[in-house]
Amino acid sequence: MTLYTTTDSPLGALLLVGEESATAPGGTALASLSVPGQKGGVAVQDGWTRDDGAFATIAAELRAYFEGSRTGFSVEYAAGRGTDFQRRVWRALEAIPYGTTLSYGEIAARIGASRMAVRSVGTAIGANPLLVVRPCHRVIGASGALSGYAGGLERKRLLLDLENGRRAA
């Protein structure tokens, strides 16, 4: 069964979508986290069930992250999402420390792909269904410029500033 809820954040109302799981905190494995107007974002579908309580744990972790008392997430992700290449890229995203950034080329190197794979890495990052909790906002261009965030560059800047401001404090 597909469950969903929304929760407020500095990025706007986040849409959380998940699946029932006997092993996940709160009984729900997270399948998607979308922001309003997100490129390729998810919209509520017929047959989905709204269940705010099923996402209480992840909503609390998100609040703590945005308040500055949490630097990572301990949620279970829904299985079976993405290609093998995408999952390799996504694991590399999850390994980027809070408050730091890497370039697309550095992600390619970390997964053992050639520098020629930078565009494929960018495409895989763009397909990340779990904005914020799988920190694709921490990936920037080789020149240090912000680029390619499905939630919009203004949100990417907000997340990076949030992390860097807290890190410096």
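Everything numeric in this text was worked out from a predicted model, so none of it was measured.
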Could you give me the CA-CA distance, side-chain angles and deciding distance for Ile96 and Thr101, then say whether side chain to side chain contact (heavy atoms under 4.5 Å, CB included) is met?
CA-CA 7 Å; Ile96 303 171; Thr101 58; over 6 Å; no
For residues Val118 and Ile125: do they belong to one hydrophobic cluster (side chain heavy atoms under 4.5 Å, members Ile, Leu, Val, Met, Phe, Trp, Tyr)?
yes
Would you say that Glu76 contacts Thr23 through its side chain, given a criterion of any heavy-atom pair below 4.5 Å between the two side chains?
yes
Identify which one of Ile58, Thr6, Leu62 satisfies the side-chain contact (heavy atoms from CB on, under 4.5 Å) criterion when paired with Leu14.
Leu62
Measure across Leu11 and Arg155 and return the closest heavy-atom pair with its distance rounded to 0.1 Å.
O-NE, 2.8 Å
Please check this pair: side chain of Trp90 against backbone of Leu130, looking for a donor-acceptor N/O pair closer than 3.5 Å.
no
Measuring only between side-chain heavy atoms, which start at C-beta, is Gln86 closer than 4.5 Å to Val89?
no
Side chain to side chain contact (heavy atoms under 4.5 Å, CB included) between Leu15 and Thr7: does it pass, once the steps are laid out?
CA-CA 7 Å; Leu15 174 62; Thr7 189; over 6 Å; no
Closest heavy-atom pair, Ala108 versus Ser114, reported as atoms and distance to 0.1 Å, is CB-O, 3.8 Å
Taking every heavy atom of Pro129 against every heavy atom of Ala31, the minimum-distance pair comes out as CB-O, 3.7 Å
Any donor-acceptor pair under 3.5 Å linking the side-chain atoms of Glu19 with those of Thr28?
no
Is it the case that Glu163 and Tyr65 place a side-chain donor and acceptor less than 3.5 Å from each other?
yes
What verdict does the side chain to side chain contact (heavy atoms under 4.5 Å, CB included) test give for Leu146 and Arg157, after you've listed the backbone C-alpha separation in whole Å, the side-chain angles of each residue and the deciding distance to 0.1 Å?
CA-CA 8 Å; Leu146 297 187; Arg157 170 57 53 208; 3.5 Å; yes
Establish whether Leu3 and Val44 are linked, either directly or via other cluster members, by ILVMFWY side-chain heavy-atom contacts under 4.5 Å.
no
Just to verify, which of Asp51, Asp52, Thr49 counts as forming a side-chain contact (heavy atoms from CB on, under 4.5 Å) with Thr5?
Asp52
For side chain to side chain contact (heavy atoms under 4.5 Å, CB included), just list the numbers for Phe73 and Leu30, CA-CA rounded to whole Å, side-chain angles, deciding distance to a tenth of an Å, and then say yes or no.
CA-CA 11 Å; Phe73 299 93; Leu30 191 62; over 6 Å; no
Can you find a pair of side-chain heavy atoms, one from Val42 and one from Tyr4, that are under 4.5 Å apart?
no
Straight-line distance of Glu67 CD to Arg70 CZ, nearest 0.5 Å:
12.0 Å
Are the side chain of Glu20 and the backbone of Thr2 linked by a donor-acceptor contact shorter than 3.5 Å?
no
Would you indicate whether the side-chain heavy atoms of Tyr149 and Val139 approach each other to under 4.5 Å?
no
With heavy-atom distances below 4.5 Å as the criterion, would you say the side chains of Leu102 and Arg110 are in contact?
yes
Do Leu159 and Ile107 sit in one hydrophobic cluster, given that two such residues count as connected whenever their side-chain heavy atoms are within less than 4.5 Å of each other, even indirectly?
no
Close side-chain approach of Val17 and Gln45, heavy atoms under 4.5 Å
no
Are side-chain heavy atoms of Val75 and Pro25 found at a separation under 4.5 Å?
no
Just by distance, with hydrogens left out, do Thr83 and Arg88 show a side-chain donor and acceptor under 3.5 Å apart?
no
Cluster overlap Leu33 with Tyr98, hydrophobic side-chain contacts below 4.5 Å
yes
Regarding Arg134 and the six-membered ring of Tyr77, is the cationic atom NZ or CZ under 6.0 Å from the ring centre and inside 45° of its axis?
yes
If you compare all heavy atoms of Leu93 against all heavy atoms of Cys136, which two are closest, and at what distance to 0.1 Å?
CD1-CB, 3.9 Å
Between Trp48 and Leu16, is there shared hydrophobic-cluster membership here, with clusters defined by ILVMFWY side-chain heavy atoms closer than 4.5 Å?
no
When rounded to the nearest 0.5 angstrom, what distance separates OG in Ser32 from CD in Gln38?
7.0 Å
What pair of heavy atoms forms the shortest contact from Lys156 to Ser147, and how long is it?
NZ-O, 2.6 Å
Side-chain (Arg87) to main-chain (Gly82) donor-acceptor, under 3.5 angstrom:
yes
Can you see which heavy atom on Glu94 is nearest to which on Pro135, and at what distance?
CA-CD, 4.2 Å
